[in-house]
Each structure stands twice: as structure tokens, then as C-alpha cells.
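The next block holds one structure in the form of C-alpha cells; read it before the comments.
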Amino acid sequence: HIWQCRRYGGKTLVIGAHGNWLNLFEGVACNLSWQEVEDNRKNKTFPNCSISVFDLVALDKFEHRLDRYAPWRDAEPTNYA
């Protein structure tokens with residue numbers, strides 16, 4: 001959908017979704033085969049509350065800048081709830 005890429009060029013897109021939907025988005029955005037998408041779904045899951053950043057590098061291709069980063073994993077333990 002080249003017209004969509006042109007329409008949103010230079011913009012930031014934020015997607016909040018369950019990991020399975022993000023696997024599907026990643027497959028479309030990064031031109032992955034269905035086998036790669038299925039392999040990622042099984043072996044490279046998106047942790048809860050993780051962050052991924054995709055950069056538009058061509059009119060029809062994205063690349064990862066930040067992949068499945070979960071900032072809470074690096075946080076110090078706390079009693080705050």
C-alpha cells in the first residue's frame with residue numbers, strides 16, 4: 001500500500017496491540033514470509049508491555065530500530081503498586 005506510506009511519511013506511528021497482532025504487522029511491514037511470521041510467533045514472542053520501533057526505509061519496507069524491548073525487565077524491584 002504505497003499510497004499509505006507516502007501519506008504517513010515522516011510521521012510516527014504508535015500501535016498498541018497484543019503480541020499476535022504485532023507479529024502479523026511485523027510480517028507485513030518487514031515483508032516476511034508466512035513461515036517467518038509463524039516461526040517468530042512460536043520462538044520470538046513480544047513480551048508484555050514491550051516496545052518495538054520500525055523505521056520506514058523504502059516506500060514498502062520497514063526495518064527494526066528497537067525490537068521487543070521490555071523496559072520493566074531492567075527496573076529495580078519496588079513495593080509500589
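Nothing here was measured: the structure is a model prediction, and the numbers come from that model.
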Check your understanding: Does S33 offer a backbone N or O that forms a donor-acceptor pair with the side chain of E36 under 3.5 Å?
Key -> yes

Exercise for review: Verify salt bridge (Lys or Arg N to Asp or Glu O under 4.0 Å) between R68 and E26, making sure each step is shown before the conclusion.
Suggested key: CA-CA 11 Å; R68 295 169 172 83; E26 177 184 50; 3.0 Å; yes

Study note, to complete from the structure: The complete set of salt bridge (charged side-chain N to carboxylate O under 4.0 Å, His left out) pairs with one or both residues in residues 44-56, sequence neighbours excluded, reads K44-D67, D55-R65

Review point. With a 4.5 Å heavy-atom cut-off, do P71 and I51 have their side chains touching?
Key: yes

Review point. How about C30 and F54: do any of their side-chain heavy atoms sit closer than 4.5 Å?
Key: yes

Revision key, fill the gap. Looking only at heavy atoms, the pair that brings S50 and P47 closest together is OG-O, 2.8 Å

Exercise for review: Give the minimum heavy-atom separation between R41 and N20, together with the two atoms involved.
Suggested key: CG-OD1, 3.9 Å

Review point. Hydrophobic cluster mates of L32, side-chain heavy atoms under 4.5 angstrom, ILVMFWY only, any path?
Key: W21, L24, V37

